[in-house]
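Remarks on the structure that follows.
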2 protein chains.
Amino acid sequence: MAKKELNIEQKIKYVQDTLFVISGKWKLPIMMAINSGNNRFRDIQRAVPNITTRVLSKELKDLEENRLVVRTVYDSLPVTVSYTVTPYCKSLKPMVDEMIKWGENHRAVLKKAKPA
Amino acid sequence: MAKKELNIEQKIKYVQDTLFVISGKWKLPIMMAINSGNNRFRDIQRAVPNITTRVLSKELKDLEENRLVVRTVYDSLPVTVSYTVTPYCKSLKPMVDEMIKWGENHRAVLKKAKPA
DNA sequence: CATTCTGGTATCCTTTAGGTAACTGGCATC
DNA sequence: GATGCCAGTTACCTAAAGGATACCAGAATG
């Protein structure tokens, strides 16, 4: 099987696809928060600084539709709701790890550049 | 030197920093186009499908301000303008490669899921 | 019995990203 | 001398993202 050699147009297309799925300020932070053990609505909200209930609610629905997050209602009293990430969501990890690395380095770069 | 162990709040912060820099449909595609040898304004426009001159112009200024792209005017007749990516821009490569991979796989997933 | 927690909705509003289209001035080409 | 290429700029507009605020019912806590 030949090694895949993508041309620039294809690469751009794939990057735009990815950007489309993770677009916005909140989707990745929400998935990260859930993945790290925050499964309740309010826990997620606390873990993701400055997000409002309205936005969190909307984004969670979005992520559920895209099969990145699963919502489970437990019929206890009172009812509890739990959000978990899907295996497909976890496939984003290598990319997210690179984004963490880059963001960390970027802060360091800014810190060095700014003090003028 | 201790291994860095970031907590979830820090990770989210760094990811949001990264998202902020690469936000939008166009910045990464533009950088990719330049990096792959499209250095003239019209060449970049042709390499990035569907981008308009207005948006390209605005995004290039943005990227220049953030030291990801350099604009050089050659005083020939007629004047030619050349855009190049900076070394700092190239530090995005590992992340972009992961985005390409994920987007490629995502298309395959959709293709398998859809035919119902 | 007042407050606080849960998991959200409902309204309203502002900001931003991005798109459409027209236009410019200088050079080259047909 | 009309057309087209280059590298953009300008003005206008729309859709979407996101923020502010208030509110709801049910249960628990003090």
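We name chains A, B, ... by the order of the sequence lines, and we start the count at 1 in each one. In this text, all values refer to a predicted model and were calculated from it rather than measured experimentally.
In this entry the distance linking CD of B/Gln45 with P of C/dG19 reads 12 Å, nearest Å. As rounded to whole Å, 13 Å separates atom P of D/dG8 from atom CD1 of B/Ile30. The nearest whole Å value for the distance from the CD atom in A/Glu59 to the P atom in D/dA16 is 15 Å. The CG-P distance, from A/Asp43 to C/dG8, rounds to 12 Å in whole Å. D/dG18 atom P lies 10 Å from atom CG of A/Asp62, rounded to whole Å. For the pair A/Arg40 CZ and C/dG8 P, the interatomic distance rounds to 10 Å; values are reported in whole Å. If you take CZ of B/Phe41 and C1' of C/dT24, they are 14 Å apart, rounded to a whole angstrom. Atom CZ of B/Phe20 and atom P of C/dT15 are 16 Å apart (whole Å).
Ring pair B/His106/A/Tyr88 is parallel by interplanar angle, where below 30° counts as parallel and above 60° as perpendicular.
The side chain of A/Arg46 contributes no N or O atom lying less than 4.0 Å from OP1 or OP2 of C/dC5. Side-chain N/O atoms of A/Tyr74 include none lying less than 4.0 angstrom from OP1 or OP2 on C/dT6. Applying the 4.0 Å criterion to OP1 and OP2 of D/dT9, one finds that B/Ser57 has a side-chain N or O inside that range.
Between A/Glu104 and A/Lys101 there is no salt bridge, since none of the side-chain N atoms of the basic residue sits less than 4.0 Å from a carboxylate O of the acidic one. At a threshold of 4.0 Å, the pair A/Glu64-A/Lys61 does not count as salt-bridged, since none of the basic side-chain nitrogens sits closer than that to a carboxylate oxygen.
Here the side chain of A/Glu65 pairs no donor or acceptor atom with the backbone of A/Asp62 at under 3.5 angstrom.
Contacts of A/Lys61 with the nucleic acid, taken as non-hydrogen atoms under 4.0 Å apart, involve only primed sugar atoms and P, OP1 or OP2. Among the atoms of the strands shown, only primed sugar atoms or phosphate atoms (P, OP1, OP2) are found under 4.0 Å from some heavy atom of B/Lys25.
At a cut-off of 3.5 angstrom, the base of D/dT9 holds at least one donor-acceptor pair with the side chain of B/Thr53. A donor-acceptor contact under 3.5 Å is formed by the side chain of A/Arg54 with the base of D/dG19.
Judged by closest nucleotide on DNA chain D, A/Asn50 is the one of A/Asn50 and A/Pro78 placed further toward the 5' end.
Around CG of A/Asn66, the count of heavy atoms belonging to other residues, nucleotides or ligands within 6.0 Å exceeds 12.
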